[in-house]
**Student:** 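Could you have a look at this structure, given as structure tokens, before my questions?
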There are 2 protein chains.
Amino acid sequence: MAENKNIKIKDIAQMAGVSVGTVDRVLHDRGRVSEENLKKVKAILEVVNYQPNMMARTLASKKHYKIAVIIPAFQPGEYWEKVYKGIQRAEGEFAGYGVHLEKFLFDQHNSHSLRKIINELLAGSFDFNAVLMATLFSNLMIEFSQTLDLLRIPYNYIDANIPAQQQLAYFGTNSGDSGEIGAKMLLYNIKKNADIVIPKILNIGDQDSNQWINRETGFLDYLNHTAYSGTIHRIELYLDDPVYNFRELDILLKSKPKIRGGIVFNSKAHILANYLKIRNINDISVIGYDVIEANIKLLKEGIIKALIAQRPQQQGYEGIKSLCEYLILKKTPPKENYLPIDILLPENIDYYQNQ
Amino acid sequence: MAENKNIKIKDIAQMAGVSVGTVDRVLHDRGRVSEENLKKVKAILEVVNYQPNMMARTLASKKHYKIAVIIPAFQPGEYWEKVYKGIQRAEGEFAGYGVHLEKFLFDQHNSHSLRKIINELLAGSFDFNAVLMATLFSNLMIEFSQTLDLLRIPYNYIDANIPAQQQLAYFGTNSGDSGEIGAKMLLYNIKKNADIVIPKILNIGDQDSNQWINRETGFLDYLNHTAYSGTIHRIELYLDDPVYNFRELDILLKSKPKIRGGIVFNSKAHILANYLKIRNINDISVIGYDVIEANIKLLKEGIIKALIAQRPQQQGYEGIKSLCEYLILKKTPPKENYLPIDILLPENIDYYQNQ
DNA sequence: CTGAAAGCGCTTACAG
DNA sequence: CTGAAAGCGCTTACAG
């Protein structure tokens, strides 16, 4: 094999008439090289297209990197578990390269829990080389980002993008388009003059998320551009209060008998769908977001007609991977990485799952 | 960092009271080790959970691997270009590990071209360590596979699976379910009593592909399970003969005025959609397969209502990657890897593209 | 500022 | 069958 024609630092040293140590110094801008030798080596470097052997490099250097991961805590089967799994996959891949992750999980229904984590992180000397963060409480995260800017620590966003910041990269969907697709899939299933219910399903203390707002905006935009002529009804439900939810939904559906569709802009469509299932109502089509167990079940049962998904595993995986590659290889990723918006039906959900 | 607690072969040697050379021999079953030492080392290995440092391993060993890639040739923008790109990505990733690919591109409209490649490959001494093949002419590929079985050379399938063979792994979609989804998306766009046209779009000399047959079967299955009551019309068109195609389609649509939908089970839906566009017919909905440029354009123009896709890049990438990992790390992949079936609408196509 | 040397964890000839 | 030694390509102290 005339393959390993790759030029090595030993070759460069020879060509320049210096030692490998000197070549290494100019390669890494470590200083302590005379003007003369610097020129000689650089001149050669420009001609030879030197490709460092990354394996040898990491083998020899005993460098370690620490990355802080700040995402919501989760129960098994919940949305953030998938993100976490992607993070773990990247962690495994880069463990051999001296990368070490530390995870900080906050309560997504309580901004104080995030505030506390940030304060603690900033209290001592901040010894992380990079940060991955889910942008759930965007005002807090913006503040934190600006501190990191001062410290010159790179950080990535996942979940929802915050455009005007200095993040190294964002990985996630475009929420507005994701809302449009929700509208289209809903209209595939109902008549254009049918009414629609949008239950906002919250936990006590939840703030409005950008994710929700942008999806809803996209959804309404789409309806406005079609011949949709029904009425939209809003209602607030609570994650932990089924009794309340059932009562409110009973009342709403009785008073608005033209409702034939429903859409939920966070991962909680199963709350609405489960109600319909228990009440044995099968002429209302539900569209939901996120491939989590509770939603999948109701998709397969035909109550949820379609799920719109945003590749949470990939968000976690790429969020970490790009930080690692930035630290180890100095590779700068694109700043905005809009991931595919997936449409899941009963017929393709199984193949999506085993990814 | 109490991190590099990883045990090394030097440690094992010390614990066993032997040299690292001996440990290396038992680790790789290279023989030439006394019963006694073999036992000692193995005993220790069972306790310590030794994780070899792959970087050191490949750095030290100057092994090289050659993989033969057998897929259809393509023009820019055609389907197989995407597969090829995935292959190239994997090639780049594993080049540093001594893996070298050799590509053999056959004419997908001419089985003789594949026969010729196989014959030439088998003529000399076969010096490839593994093979990736697209299963387009399945009878030929089965024959070739069986030869590889005898040579004990691992091989992967992509495109369509051939279940009863000894392939290391298959990467691709389940064609039947992919056909069902085509049916569902079409029914979203037409009335249940509308007629449907299925143009078989071929090149002279094309054989029936398993892919096509299985998709069509899935499609018909789905219709049979719903209240669909229209009629299906079949027609044969030719890739290079627009004059013929237009004449035939003109005749068909005139004689069957109830046709409101069309579906094409290979990547050539653009042939049908383009006809409709030029004839200014906008009450016929088309469903197609595969995200290629010609189809994307017509999807965005609204003539193709949905594209069903099968992640060609991923097929190429994983097809190669799993072979590399098998060769280098002795890692055996799952035999059947059904990739997600993606549904693309004008609203989400752009995000799919930049993957 | 500079080079020789040791070392990262593993593999590969090579004496014995 | 066995171990000591050299080497993979690079980095890191350390004399000078």
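Chain A is the first sequence line, chain B the second, and so forth, proteins listed ahead of strands; every chain is numbered from 1.
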**Student:** Tell which nucleotide pairs with D:dA4, taking only Watson-Crick or G-U wobble pairs whose two distances are both under 3.5 angstrom.
**Tutor:**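 Check on D:dA4: unpaired, no WC or wobble geometry under 3.5 Å.
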**Student:** Determine whether the side chains of A:T135 and A:Y170 contain a donor N or O and an acceptor N or O closer than 3.5 Å.
**Tutor:**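 No, no side-chain donor-acceptor pair sits under 3.5 Å.
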**Student:** Can you check the A:H64 NE2 to D:dT11 P distance for me, whole Å?
**Tutor:**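 Distance, rounded to whole Å: 16 Å.
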**Student:** Counting only Watson-Crick or G-U wobble pairs whose two distances fall under 3.5 Å, which nucleotide matches C:dA13?
**Tutor:**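 Pairing partner: none.
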**Student:** Rounded to whole angstrom units, what separation is found between the CG atom of B:L59 and the P atom of D:dA6?
**Tutor:**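 Distance check: B:L59 CG to D:dA6 P gives 19 Å.
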**Student:** Atom NZ of A:K8 and atom C1' of D:dT11: how far apart are they, to the nearest Å?
**Tutor:**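 Distance check: A:K8 NZ to D:dT11 C1' gives 17 Å.
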**Student:** Whole angstrom is fine here: how far is it from OH in B:Y97 over to C1' in C:dT11?
**Tutor:**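 Checked: the OH to C1' distance equals 17 Å.
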**Student:** Taking OP1 and OP2 of D:dC1, is either one under 4.0 Å from a side-chain nitrogen or oxygen of B:S34?
**Tutor:**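 Result: no.
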**Student:** Could you check, using the six-membered ring where one of them is a Trp, whether B:F104 and B:F106 have ring centers closer than 6.0 angstrom?
**Tutor:**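 Here the rings of B:F106 and B:F104 have centres that are no less than 6.0 Å from each other.
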**Student:** More than 12 foreign heavy atoms under 6.0 Å from OH of A:Y317: is that the case here?
**Tutor:**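 Yes, because the 6.0 Å sphere around OH of A:Y317 holds more than 12 heavy atoms from other groups.
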**Student:** What is the distance, to the nearest angstrom, from the CE atom on B:M55 to the C1' atom on C:dT11?
**Tutor:**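 Distance check: B:M55 CE to C:dT11 C1' gives 16 Å.
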**Student:** On DNA chain D, check which nucleotide each of A:P52 and B:L38 is closest to and give me the residue with the more 5' one.
**Tutor:**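 Mapping each residue to its closest nucleotide by heavy atoms, the 5'-most match is B:L38.
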**Student:** Check the phosphate of D:dT2 against B:N37, side-chain N and O only, distance under 4.0 Å to OP1 or OP2. Yes or no?
**Tutor:**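 The answer is yes; a side-chain N or O of B:N37 sits under 4.0 Å from OP1 or OP2.
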**Student:** Report the nucleotide, chosen from C:dT2, D:dG9, C:dG9, that has the shortest atom-to-atom distance to any side-chain atom of A:T22.
**Tutor:**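 Of the options given, the side chain of A:T22 lies nearest C:dT2.
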**Student:** Which is it for B:N37 and B:R25 under the side-chain contact (heavy atoms from CB on, under 4.5 Å) test, yes or no, and what are the steps along the way?
**Tutor:** CA-CA 11 Å; B:N37 280 343; B:R25 272 171 223 125; over 6 Å; no
**Student:** What does the list of N/O pairs under 3.5 Å between the protein and nucleotides 12-14 of chain C look like, with a distance for each?
**Tutor:**
none

**Student:** Think A:Y50 has a side-chain N or O under 4.0 angstrom from the OP1 or OP2 of D:dG9?
**Tutor:**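 For D:dG9, OP1/OP2 do not have a side-chain N/O of A:Y50 under 4.0 Å.
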**Student:** Taking OP1 and OP2 of D:dC10, is either one under 4.0 Å from a side-chain nitrogen or oxygen of A:T58?
**Tutor:**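 No, no such contact exists.
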**Student:** Could you tell me whether A:E91 and A:K103 have a side-chain N and a carboxylate O separated by less than 4.0 Å?
**Tutor:**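 Salt bridge flag = yes for A:K103 with A:E91.
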**Student:** OP1 or OP2 of D:dT11 less than 4.0 angstrom from a side-chain nitrogen or oxygen of A:R57, does that happen here?
**Tutor:**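 The answer is yes; a side-chain N or O of A:R57 sits under 4.0 Å from OP1 or OP2.
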**Student:** Can you tell me the distance, in whole Å, between the CE atom of B:M54 and the C1' atom of C:dG9?
**Tutor:**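 Taking atom C1' of C:dG9 as the reference, CE of B:M54 is at 11 Å.
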**Student:** Scan side-chain atoms only and decide if B:Y351 and A:Q310 contain a donor-acceptor pair under the 3.5 Å cut-off.
**Tutor:**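 No.
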**Student:** Is there a side-chain contact (heavy atoms from CB on, under 4.5 Å) between A:F144 and A:I70? Walk through the geometry before answering.
**Tutor:** CA-CA 11 Å; A:F144 183 46; A:I70 311 178; 3.6 Å; yes
**Student:** Is there a side-chain contact between B:K10 and the phosphate of C:dG9, meaning an N or O under 4.0 Å from OP1 or OP2?
**Tutor:**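 Result: no.
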